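Before any comments, here is the structure.
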Amino acid sequence: MLDIQLLRSNIDEVAARLASRGYTLDVEAFNALEAERKFLQTRMQELQSKRNTVSKQIGIAKKNGEDVSAIMAEVATLGDELKAAEDGFAAVQKQLDDWMMSIPNLPHESVPAGDDESGNVEVRRWGTPRSFDFEVKDHVDVGAPLGLDFDTGAKLSGARFTVLKGDIARLHRALAQFMLNTHTGEHGYEEHYTPYIVNDSALLGTGQLPKFAEDMFKVTRGGEEGTVDQYLISTSEITLTNTVADSILKLEELPRKMTAHSPCFRSEAGSYGRDTRGMIRQHQFDKVEMVRIEHPDNSFAALDEMVNHAENILKALGLPYRVITLCTGDMGFGSHKTFDLEVWLPAQNTYREISSCSNMGDFQARRMMARFKDADGKNRYVHTLNGSGLAVGRTLVAVLENYQNADGSVTVPEVLRPYMGGKDKIGG
RNA sequence: GGAAGCGUGGCCGAGUGGUUUAAGGCAGCGGUCUUGAAAACCGCCGAAGGUGCGAGCCUUCCGUGAGUUCGAAUCUCACCGCUUCCGCCA
């Protein structure tokens with residue numbers, strides 16, 4: 001959520017910066033609604049003040065044994081008036097709140113301008129794509145004989161669900177274990193295990209709601225809707241970041257660095273035709289997530305550091321990749337600045353997204369009331385960051401494709417061998 | 001699933017319709033004292049919002065939401081959460 005003070009004082013500048021990411025802010029309508037809010041709030045508060053004063057007088061008079069019928073008659077209609085004023089204000093305030101919750105974050109000034117992914121800027125590359133002296137297969141063909149089973153996944157749950165068996169299931173687990181161990185052991189993140197079902201309030205906090213409900217899986221208990229809406233998490237960014245919701249951290253509690261391995265559930269509404277083959281785009285996939293709660297002065301340094309942490313995983317696995325800066329038009333709803341990591345997939349002869357690392361600034365903190373007490377004793381919003389480190393399913397895809405051999409086997413990257421019972425290859 | 005109890009500031013805890021502007025304590029911050037520290041004493045010490053150049057003034061918040069009342073932490077209803085006992089269960 002943006003700072004409403006900023007909209008009151010600098011709305012034209014805000015509108016211009018939002019336009020750069022493709023969001024049109026109706027300045028006139030906002031100003032009109034805000035003026036109405038101001039009028040209604042002032043009137044309501046005057047009436048509340050009057051009620052308080054008069055009620056206090058009645059209390060004193062009664063205590064002194066005086067006759068209060070005159071005062072009582074005077075305020076006979078005050079209750080109804082006040083109720084109407086409060087209802088009127090609440091309705092306008094809700095409109096304003098709903099609007100504020102649906103406005104995306106402002107891009108940082110260093111974010112390149114652009115309408116879509118063609119405006120993204122490559123920052124650096126690492127590794128050299130391997131040259132093959134045989135015909136390269138994609139991960140579907142490499143994986144099928146090794147236990148990558150799309151048919152059974154579809155039988156159980158429909159399209160975009162996959163069953164892993166045998167060594168390939170173990171390789172998938174090995175990847176997650178390696179990532180988690182690296183982030184906890186070498187990068188200083190605290191391991192978390194968190195719920196996979198969350199209340200709508202958590203999703204409002206991180207920004208999946210109210211705008212993106214169609215991307216989520218909603219769940220019911222015993223087939224009945226509860227009093228609060230609940231959803232499967234689409235990323236553990238949701239649970240990790242919301243751990244600091246409604247709290248005021250001490251200065252020395254910053255930064256807080258958290259990581260978790262979790263499944264992620266996404267409806268993939270609006271991407272029906274895309275990536276239908278293979279396990280690039282699934283309704284359920286595993287991800288090791290990094291989340292950082294930072295002092296505002298440190299959040300960009302933290303972003304660079306977190307990108308490096310994600311890169312370290314790819315380097316350790318020997319997977320070629322590149323880092324790109326997302327342009328204004330390609331960034332996510334709540335992002336202030338985002339770097340994507342794209343891994344080399346030889347069968348597609350291109351780089352594909354495997355991690356996304358974002359500095360959300362105070363956007364999520366304001367929505368979830370996550371603050372810290374600064375050196376002057378003032379409460380300020382923290383900055384929140386999140387990044388994949390990495391998407392496990394896509395990392396498995398990358399390993400299968402990049403490490404495939406002519407005989408149909410797949411070499412196990414060295415760092416994973418301890419997790420594979422010492423095996424140096426699977427299949428073949 | 002059955003039964004009972006409990007939700008008050010960072011923490012503990014008083015408060016069962018009327019100057020509550022939420023007592024008191026702990027923690028924290030500032031000061032006095034001290035060579036320094038501790039102890040003691042004095043003072044400060046919740047959050048959100050509105051309005052104003054500003055000192056300030058005003059409003060809201062006692063799990064959440066409705067309701068009763070001139071007036072609600074206090075009364076009513078619903079919901080959420082926690083604790084204990086019984087049953088069931090990985």
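To find a chain, count down the sequence lines: A is the first, B the second, and so on, and within it residues start at 1. Just so we're clear, the structure is a prediction, and the values are computed from it rather than from any experiment.
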Interatomic distance where [atom1] belongs to [X] and [atom2] belongs to [N] [whole Å]:
X      : N      : atom1 : atom2 : result
A:K378 : B:rC45 : NZ    : C1'   : 18 Å
A:I60  : B:rG17 : CD1   : P     : 19 Å
A:Y381 : B:rA47 : OH    : C1'   : 11 Å
A:M1   : B:rA48 : CE    : C1'   : 12 Å
A:D97  : B:rG49 : CG    : P     : 11 Å
A:R371 : B:rG49 : CZ    : C1'   : 13 Å
A:F89  : B:rU60 : CZ    : P     : 12 Å
A:D246 : B:rG9  : CG    : P     : 14 Å

Pair [X] + [Y]: basic N to acidic O under 4.0 Å:
X      : Y      : result
A:R394 : A:D275 : no
A:K155 : A:D151 : no
A:K287 : A:E289 : yes
A:E34  : A:R37  : yes
A:R281 : A:E268 : yes
A:R277 : A:D141 : yes
A:K378 : A:D374 : no

Requested in this report: Answer with base, sugar-phosphate or nothing: what part of the nucleic acid does A:K373 contact at a heavy-atom distance below 4.0 Å?
Outcome: sugar-phosphate

Requested in this report: Identify whether any heavy atom of A:M369 sits under 4.0 Å from a base atom; if not, whether one sits that close to sugar-phosphate; answer base, sugar-phosphate or nothing.
Outcome: sugar-phosphate

Using Watson-Crick or G-U wobble geometry with both distances below 3.5 Å, tell me the partner of [N], or none.
N      : value
B:rG52 : none
B:rA72 : none
B:rG1  : B:rC86
B:rG43 : B:rC29
B:rC77 : B:rG65

Query - Ring geometry between A:H283 and A:F217 (parallel below 30°, tilted from 30 to 60°, perpendicular above 60°) - result: perpendicular

Report task. Assign the ring pair A:H183 / A:H187 to parallel, tilted or perpendicular, where the plane angle (0 to 90°) is split at 30° and 60°. Result -> tilted

Query raised in the report: Quick one: which of A:H295, A:H383, A:H336 gives a ring-ring contact (aromatic ring centres under 6.0 Å, His included) with A:F300?
Result: A:H336

Query raised in the report: Crowded around A:D115 CG? As in, over 12 foreign heavy atoms under 6.0 Å?
Result: no

**Report entry** More than 12 heavy atoms from other groups under 6.0 Å of CD on A:E253
**Finding:** yes

Query raised in the report: Within the pair A:S49 and B:rC58, is there a side-chain N or O less than 4.0 Å away from OP1 or OP2?
Result: no

Report task. Would you indicate, yes or no, if B:rC58 has its OP1 or OP2 atom less than 4.0 angstrom from a side-chain nitrogen or oxygen of A:N52? Result -> no

Enumerate the protein-to-nucleotides 12-15 of chain B contacts in which both atoms are nitrogen or oxygen and the separation is below 3.5 Å.
none

**Report entry** Pairwise P distance for B:rC75 and B:rG17, with rounding to whole Å
**Finding:** 8 Å

Might you list the N or O atoms of the protein lying below 3.5 Å from N or O atoms in nucleotides 50-52 of chain B, with each pair's distance?
residue: B:rG50; atom: OP1; partner: A:R8; partner atom: NH1; Å: 2.3
residue: B:rG50; atom: OP1; partner: A:R8; partner atom: NH2; Å: 2.9
residue: B:rG50; atom: OP2; partner: A:Q5; partner atom: NE2; Å: 3.2
residue: B:rG50; atom: O4'; partner: A:Q41; partner atom: NE2; Å: 3.2
residue: B:rG50; atom: O3'; partner: A:R37; partner atom: NH2; Å: 3.0

Query raised in the report: Once you round to the nearest 0.5 Å, how far does NZ of A:K373 lie from CG of A:N379?
Result: 4.0 Å

Using nucleotides 70-72 of chain B, report all nitrogen or oxygen pairs with the protein that are shorter than 3.5 Å.
residue: B:rC70; atom: O2'; partner: A:S55; partner atom: OG; Å: 3.2
residue: B:rG71; atom: O4'; partner: A:S55; partner atom: OG; Å: 2.9

Report summary line: Heavy-atom nearest nucleotide on RNA chain B taken for A:K50 and for A:N379; more 5' hit belongs to A:N379

